[in-house]
2 protein chains.
Amino acid sequence: MKPQTVPDILPPRGQMAKRLSMLDAGARVFCSEGFAGANIDLIAAEAGVSRQTVYNNFGDKEKLFAAVVGEITDRCTAGAFAVLGTFPDHPKHLETDLTDFAIRFIRNCICDRDGKFLRKLIHMEGERHPELFASWRVGGPGKVWSALAARFARLAFAGFLDIDDPDVAARQFFSLIFTDLQIPALFGEVLSDKEVARSARIAVVTFLRAYGRREAGGETPG
Amino acid sequence: MKPQTVPDILPPRGQMAKRLSMLDAGARVFCSEGFAGANIDLIAAEAGVSRQTVYNNFGDKEKLFAAVVGEITDRCTAGAFAVLGTFPDHPKHLETDLTDFAIRFIRNCICDRDGKFLRKLIHMEGERHPELFASWRVGGPGKVWSALAARFARLAFAGFLDIDDPDVAARQFFSLIFTDLQIPALFGEVLSDKEVARSARIAVVTFLRAYGRREAGGETPG
DNA sequence: GACGAATTGGACAAGGCTGTCTAAAAAAAT
DNA sequence: ATTTTTTTAGACAGCCTTGTCCAATTCGTC
C-alpha cells in the first residue's frame, strides 16, 4: 500500500473537478435558460472557470450540451438502479415496504436535482435531437421497467400480488407514484416530505387494490 | 336579415385572422425553438405578416409569448371540458364506455396540437414565469379533476364503482391514462389509434380492478 | 526549484436579433 | 370616391453572443 499516488478518482480534483463543475453549471444554466438562451460566459462564471476553459474542454456550445445530457442521463439511470436495488423482495408488510420504496424512488429519481434536469433537458431538446437521448431511452426507463417488472413478478409468484402482466403493472406503478407530483414538478415547487409520503401512500394503496391478492382480504390479515 | 355587416366573429377575417395566425405561428416557433431561440422574423414569416405587424399587435416578444400562452391554455381548458361533457354518466357497459371516454381524452387533450404546445410551454417557462400559468392551474387541471371526481362520485353512488376519495380516483384515472403516452409524447412521436386504444384499455382495466365494485366479482364471478 | 501543461483575462471579428422608424401601399370604413 | 386606418418592406442602431487568438499566470508533477 503506497498512499503516495491515488489512482482512484475518489476526490474529484484538478481537471476532473473543473469538468464536473462545468457540467454542473451547464446543466443549471441550460435547464433554466434553454439551449439558445444559455450563455457560455454565465456557465463559465457559475462553474468558476474562464470561458476559454469551457471551449478547451468541450469544443463548442452544442458539444457542451451533449456532454451535459450524457452526464445527467447517466446519473439518472444509475440513481434509478440504485433505488431499484432496495426493492422489498421479501416484504414484511407489503404496503408499508412498497410505500417506503416508492418514497425512495420519488426522492432520488423524481424530486432530486438530476431528475428535474433530465425532465427539462428532454423537453427542451428531446424532439429536436432525439439521438442525444436514444441510449437513455433503452438503457434507462426501458431497463428500469423491466427490472421492476421482474421484482413484481417474483412477488406475484411468492403469492404477494395478483398480476397478469408484470410490465404493465410496473409502468402503472410508476405512473401512480407520479400522479400528484407532475404539476408541482413542472413549476419547480419543492415537495415536503409529508407530501411525498402522502403521494406514495395513496399510490400504493390504489396499486394494491388493483394488484393485491384477491382472496387474502386487504389490510387486516390477522 | 342584412348580411351586409357581420358583427359576429364567426369567420375570423381581417385583423382577427391575422392575430390568430400570429398566435399560431408563435406557438409553433416558441415551442420548437424555445423563448430565447424564437425569432420574430420567423414567426412573422410563418404567420404570413410583416414583422412590424407583430410588434403593432403585441408590443414586444414577451407580450407575444404571454398572448400565446393565454391562447393555448384557454384552448386546452375548453377542450378538456368539452371532452368531460361526454363522460358516461349512465354507462351501458362500464369498461367499454370508460375506455371510449379515455380515448377521447387522449386524442383531444394530450395527443392533439394544443396539448403538445401546452406541455412544452409549461416546461419552458413554467418555472420562470409561473404567473403566466396561474389562471390555467386553477381553472384547468384543478377544475377538470373536480369535475371528473364528481362524475366518479355519481357512478359510485349509483353502484358502479367503489371509491373512497373521488378526487384521488380522478387524478389517478388521468395518471393511468397517460402511463404509456408520456415518453413518446416527450419525443414528439405520433401515436397510432391502435396504441391509443391499447393504452386506454389497459388503464381502464387497472382502474376498474382498483375501483370497480367489490361484491360483483370481476371477470370470474363463479 | 524547474519544467510543461493547463488556465486565465481580455481583446477581437463576425454574425444575429430586437425594436424603432419611415414612406409607400393596401385595406377598410364612411 | 375619399378618408382613415392598417399593413408592408426595408433600413437602421444598439446590443448581445459565439468562437478565436494571445500573452501572462497559475498549477501539477518530477
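Throughout, a chain's letter reflects where its sequence line sits, starting with A, and its residues are numbered from 1.
With sequence neighbours excluded, the residues forming a side chain to side chain contact (heavy atoms under 4.5 Å, CB included) with S21(B) are A47(B), listed by chain and number. Shown here are the side chain to side chain contact (heavy atoms under 4.5 Å, CB included) partners of P184(B), two or more places apart in sequence or in another chain: E189(B), L191(B). With sequence neighbours excluded, no residue forms a salt bridge (charged side-chain N to carboxylate O under 4.0 Å, His left out) with K61(A).
Between the C1' atom of dC27(D) and the CE atom of M16(A) lies a distance of 18 Å, rounded to the nearest Å. Atom CG of N57(A) and atom P of dG19(D) are 15 Å apart (whole Å). The nearest whole Å value for the distance from the CZ atom in R19(B) to the P atom in dT7(D) is 11 Å. Distance, N56(B) CG to dA27(C) C1': 15 Å, rounded to whole Å.
Sorted by first and then second residue, the side chain to side chain donor-acceptor pair (under 3.5 Å) pairs with a member in residues 62-74 of chain B read E71(B)-R75(B); sequence neighbours excluded.
No cation-pi contact links R154(A) to F87(A), judged by a cut-off of 6.0 Å to the six-membered ring centre and 45° from its axis.
Contact check, T53(B) against dT8(D): a side-chain N or O comes under 4.0 Å of OP1 or OP2.
The ring of F105(A) has its center closer than 6.0 angstrom to the ring center of F174(A).
Aromatic ring pairs are classed by plane angle as parallel below 30°, tilted from 30° to 60° and perpendicular above 60°; the pair W136(A) and F133(A) is perpendicular.
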- Query: If the sugar-phosphate is the primed atoms plus P, OP1 and OP2 and the base is the rest, what is the B/S/- string for nucleotides 15-20 of chain C, using protein heavy atoms under 4.0 Å?
  - Reply: --SSBB

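For the helix from dG1(C)-dC30(D) to dT30(C)-dA1(D), the terminal axes (five pairs an end, C1' atoms, rotation from four pairs onto the next four) enclose an angle of 40°, given to 10 degrees.
Side-chain polar atoms of S175(A) and Q172(A) form no donor-acceptor pair below 3.5 angstrom.
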